[in-house]
There are 2 protein chains.
Amino acid sequence: MTTCKHEHEHKTPEQLLTIAQQICDQRGRRFTKLREHVFTLVAKSNSPIKAYDLLDQLRPEFGSPKPPTVYRALDFLSGLGLVHRVEALNAYIACDHSLGGHIAEFFICEKCENLEERSANDHIDCVPEGFEIRRSVIEHYGICKNCAA
Amino acid sequence: MTTCKHEHEHKTPEQLLTIAQQICDQRGRRFTKLREHVFTLVAKSNSPIKAYDLLDQLRPEFGSPKPPTVYRALDFLSGLGLVHRVEALNAYIACDHSLGGHIAEFFICEKCENLEERSANDHIDCVPEGFEIRRSVIEHYGICKNCAA
DNA sequence: ATACAAAATCTTATGTTATAACGCCGCATA
DNA sequence: TATGCGGCGTTATAACATAAGATTTTGTAT
């Protein structure tokens, strides 16, 4: 286990939104007002955000949305790789596209709830023979540098 | 990413039960009938089993148990490292103690639902500086050798 | 044996996360 | 202008999990 020395810039919500729109265009899918709004809420959140918190935040501009509304938007966005679901938190974050095509790997501070995204590309070293990986969930929970101090 | 050549024996439910009892004894905790029964059900299941399925299977010998009954038993067992929770499935498996102290890593076939447990000990290679990992969730989903055929 | 404290369990109620099913509307295209 | 589909609203319910308090069981000291 080695520490990573790279610099990891964080994109602004505005930059993420621009990228998201481009990706959506390229795929010929529609980036509707609702989807844009949900994406923006996720991108602006400092830590992984929950579906029902998104629901709350959609009100009242978007009326009184019901769960399927936000889950459909999240499904759409994650299908395009624009957001990731953090499995052990039941929560969602905007994908950091700095990392290129990658297997997402998360480091989540249990104190400040901050999340760092990394790429896990090449370090899975003990795959059962003949097993074809389609999707991986890699999440590390602990204490970040700031909170340790 | 490399394929693993080790042989991985699977213990029988009976062997797992014996080990579980020993571990429980060592820690001076009580392996009650309820806990034993829950553990046995998890150990006998071929794939990760869900809390409410456990509830169903406890009936009628254990009366009409309610959710807290099974969640308490699962908490106890996972606290001792006797079972693991599979986050992306909301399901539970018996720990395979062949691997020794380890970070559990799972390979789950989406067709047959079979699960292989491995040790992920040494291949986390890009930890943010100063981040102290307390717990990791590593789950790979895909198609196993048998189902690919 | 008996009393006590702690651990384990049961019960009720509720909180949280997610989806099924159906219908409507607006837009692209033929 | 018909028609087909994507997107979204709405109702209802499924699935997963925990809070809080009463009660029982168990180990320990007397």
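So that the names make sense, note that chain A is the first sequence line, chain B the second, and so on, each numbered from 1. These numbers come from the heavy atoms of this one structure, side chains and all, not from hydrogens, waters or symmetry mates.
Per the geometry, CZ belonging to F62(A) stands 18 Å off C1' belonging to dT10(D), to the nearest Å. Remark: C1' of dA18(C) and CD of E87(B) are 16 Å apart, rounded to the nearest angstrom. Between the NZ atom of K66(A) and the P atom of dG23(C) there is a distance of 18 Å, given to the nearest Å. Nucleotide dC10(C) holds its P atom 14 Å from the CD atom of E61(B), rounded to whole Å.
Distance alone, capped at 3.5 Å, is enough to place a donor-acceptor pair between the S78(B) side chain and the L74(B) backbone. Side-chain N or O atoms of S64(A) include none that pairs as donor or acceptor with a backbone N or O of P60(A) at under 3.5 Å. The backbone N or O of A88(A) lies less than 3.5 Å from a partner atom in the side chain of E139(A), making a donor-acceptor pair. A distance-only check finds a donor-acceptor pair linking the side chain of R35(A) to the backbone of R30(A) [under 3.5 Å]. Remark: the backbone N or O of E105(A) is not paired with any side-chain donor or acceptor of E117(A) at under 3.5 angstrom. The main-chain N or O of P65(A) is never found under 3.5 Å from a side-chain atom of T69(A) such that the two would form a donor-acceptor pair.
H140(B) and E116(B) share no donor-acceptor pair across their side chains, judged by distance under 3.5 Å alone. In the model, R134(A) has no side-chain atom that pairs as donor or acceptor with a side-chain atom of Y141(B) under 3.5 Å.
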Distance-only check: which donor-acceptor pairs under 3.5 Å involve side-chain atoms of residues 41-50 of chain B, not counting sequence neighbours?
{"from": "S45(B)", "atom 1": "OG", "to": "S47(B)", "atom 2": "N", "distance (Å)": "3.4"}
{"from": "S45(B)", "atom 1": "OG", "to": "S47(B)", "atom 2": "O", "distance (Å)": "2.5"}
{"from": "K50(B)", "atom 1": "NZ", "to": "L89(B)", "atom 2": "O", "distance (Å)": "3.1"}

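The C1' atoms of five pairs define one axis at each end of the helix from dA1(C)-dT30(D) to dA30(C)-dT1(D), and these two axes lie 30° apart (to 10°).
Residues of residues 70-83 of chain B having a heavy atom closer than 4.0 Å to DNA chain C, listed by number: R72(B). Taking every heavy atom of residues 28-35 of chain B and every atom of DNA chain C, pairs under 4.0 Å involve R29(B), R30(B), T32(B), L34(B), R35(B), by number. Contacts between residues 36-59 of chain B and DNA chain D, defined by a heavy-atom separation under 4.0 Å, are made by K50(B), Y52(B).
Annotation: salt bridge (Lys or Arg N to Asp or Glu O under 4.0 Å) contacts of D56(A) (sequence neighbours excluded): R59(A).
Look at R85(A) and you'll find a side-chain N or O under 4.0 angstrom from OP1 or OP2 of dA18(C).
In terms of position on DNA chain C, the residue among L89(A) and T69(B) whose nearest nucleotide sits closer to the 5' end is T69(B).
Aromatic pair F106(A)/H84(A): ring centres closer than 6.0 Å.
Note on L82(B): it clusters hydrophobically with L58(B), by side-chain heavy-atom contacts below 4.5 Å among ILVMFWY residues.
Between the OG atom in S136(A) and the CZ atom in F107(B) there is a gap of 7.5 Å [rounded to 0.5 Å].
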